[in-house]
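All values reported here derive from a predicted model rather than from experimental measurement.
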Amino acid sequence: MGARQQDIETVMADPPQVHYGAPGGVWRTDRSCYEFIATALPDEGARTLETGCGISTVLFAMWAAEHVCVVPSAAEVDACRAYLQQRGQLDRVVFEVGWSDEVLPRLTGPPLDLVLVDGGHGFPAPIVDWYYAASRLREGGLVILDDMQLPQVRLGLHEFLAADPRWECVEASEKWAAYRRLTAGHLREEWREQAFLGDSVGA
């Protein structure tokens with residue numbers, strides 16, 4: 001078993017208790033998603049960002065050189081920070097406390113290697129998170145969308161990413177999907193740049 005696989009075993013067996021009322025004290029995605037992240041991140045120097053907080057936050061703290069976690073709950077941040085501090089993993093994580101639609105537009109920094117969208121699940125939060133966070137991906141960077149079984153998460157975003165030739169689906173299950181970005185820079189576009197969505201009548 002590789003080191004990162006062992007990390008997954010360790011954290012899933014003793015997860016951070018950050019979500020009151022969740023089974024085992026934390027909402028989690030499928031193990032296969034964590035395993036994908038383990039293989040997708042470079043061994044050194046990875047820069048990552050996520051919306052939401054939980055097991056993934058701990059794994060990013062272990063594997064990434066720089067990680068940003070955007071979450072609205074100060075209580076969740078305190079619980080996760082204490083967990084990481086007890087295990088000597090806190091230094092690489094920056095917590096941004098606030099709603100992602102307010103926080104993400106003001107964040108700056110170097111291009112990201114991987115973004116995990118797993119924060120607010122009510123429409124249109126996943127699209128907003130994707131729009132702002134994935135705009136910072138480097139060419140070849142990855143965005144992972146969790147909880148794709150929810151129509152509020154899939155709505156619009158799944159169809160768009162499947163159609164746009166500038167994105168490539170590299171892994172998917174009923175629960176989550178990972179897309180590779182084949183371009184870089186902002187995601188602002190006019191409708192004329194989106195012919196892949198079908199013929200349009202001039203506006």
Side-chain angles (χ1 to χ4, degrees), residues 27-42 46-57 59-60 63-64 67-71 99-105 107-201 203:
W27 297 110
R28 63 186 75 196
T29 189
D30 289 343
R31 180 192 178 97
S32 60
C33 185
Y34 304 130
E35 292 174 342
F36 175 82
I37 295 171
T39 60
L41 286 181
R47 294 184 174 94
T48 55
L49 181 147
E50 69 179 326
T51 56
C53 172
I55 288 174
S56 55
T57 313
L59 295 175
F60 282 127
W63 301 338
H67 180 62
V68 176
C69 175
V70 180
V71 61
W99 295 102
S100 58
D101 61 310
E102 298 175 344
V103 172
L104 289 174
L107 294 184
T108 60
L112 301 171
D113 296 289
L114 189 146
V115 166
L116 173 62
V117 175
D118 193 20
H121 288 28
F123 183 85
I127 291 180
V128 172
D129 290 359
W130 164 81
Y131 180 80
Y132 285 111
S135 69
R136 294 183 51 203
L137 284 173
R138 63 171 173 81
E139 183 175 346
L142 297 162
V143 61
I144 299 173
L145 309 175
D146 193 34
D147 290 308
M148 293 288 279
Q149 78 279 5
L150 298 177
Q152 293 87 344
V153 173
R154 293 194 313 272
L155 185 61
L157 189 52
H158 172 69
E159 292 84 357
F160 177 81
L161 291 172
D164 190 341
R166 293 164 293 189
W167 291 90
E168 174 188 20
C169 183
V170 294
E171 194 89 20
S173 71
E174 291 184 2
K175 183 81 162 61
W176 62 274
Y179 298 85
R180 177 177 290 115
R181 187 169 181 190
L182 306 180
T183 59
H186 65 77
L187 295 175
R188 294 187 299 274
E189 294 175 333
E190 263 293 351
W191 64 273
R192 296 176 185 85
E193 299 171 81
Q194 299 177 338
F196 53 83
L197 294 179
D199 294 334
S200 300
V201 177

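When side chains are defined from C-beta on, His121 does not count as touching Gln152, because their heavy atoms never get closer than 4.5 Å. Considering only heavy atoms from C-beta on, Val128 stays 4.5 Å or farther from Leu104 through its side chain. For the pair Leu157 and Leu161, the minimum side-chain heavy-atom distance is below 4.5 Å. Annotation: side chain of Glu50 is not in contact with side chain of Val115 (no heavy-atom distance under 4.5 Å). Taking the side chain as every heavy atom from C-beta outward, Leu187 and Trp130 approach each other to under 4.5 Å. Within the 4.5 Å cutoff, the side chain of Lys175 has no heavy atoms near those of the Cys33 side chain. Inter-residue side-chain proximity for His186 and Tyr131 is flagged as unmet; no heavy-atom pair is nearer than 4.5 Å. Inter-residue side-chain proximity for Asp118 and Trp176 is flagged as unmet; no heavy-atom pair is nearer than 4.5 Å.
For Phe196 and Phe160, the ring centers sit closer than 6.0 Å to each other.
Atom CZ in Arg47 sits 13.0 Å away from atom CG in Leu41 (nearest 0.5 Å). Distance check: Asp146 CG to Arg28 CZ gives 12.5 Å after rounding to the nearest 0.5 Å. Atom-to-atom distance recorded for Cys53:SG and Phe60:CZ is 12.0 Å, nearest 0.5 angstrom. Here CG of Leu182 is found 8.5 Å from CG of Asp164. Values are rounded to the nearest 0.5 Å. Distance check, rounded to the nearest 0.5 Å: CD1 of Ile37 to CG of Leu114 gives 6.0 Å.
The closest donor-acceptor contact from the side chain of Arg166 to the backbone of Arg181 lies at 3.5 Å or more, if one exists at all. Without hydrogens or angle criteria, His158 side chain to Gly156 main chain gives no donor-acceptor distance under 3.5 Å. With Glu193 contributing its side chain and Glu190 its backbone, the two residues share a donor-acceptor pair below 3.5 Å. A donor-acceptor pair under 3.5 Å is absent between the side-chain atoms of Asp113 and the main chain of Thr48, judged by distance alone. At least one donor-acceptor pair closer than 3.5 Å links the side chain of Tyr34 to the backbone N or O of Thr29.
When all heavy atoms are compared, the tightest approach of Thr57 to Gly52 is OG1-O, 4.2 Å. The heavy-atom pair separating Glu139 from Ala184 by the smallest distance is N-CB, 3.8 Å. Heavy-atom minimum distance, Ala125 versus Gly120: CB-O, 3.5 Å. Across every non-hydrogen atom of Thr39 and Phe36, the tightest pair is OG1-O, 2.9 Å. The two residues Pro110 and Arg136 have their closest heavy-atom pair at O-NH2, 3.5 Å. Closest non-hydrogen pair, Ala133 versus Leu49, comes out as CB-CD2, 3.9 Å.
The only option from Asp129, Val71, Val70 that meets the side-chain contact (heavy atoms from CB on, under 4.5 Å) definition with Val103 turns out to be Val70. The side-chain contact (heavy atoms from CB on, under 4.5 Å) test with Tyr179 is passed by exactly one of Leu137, Leu142, Leu145, Val170: Leu145.
Surrounding CD of Glu189 are more than 12 heavy atoms belonging to other residues, nucleotides or ligands, all under 6.0 Å away. Summarising the local packing, CH2 of Trp99 is surrounded by 12 or fewer heavy atoms from other residues, nucleotides or ligands at distances under 6.0 Å.
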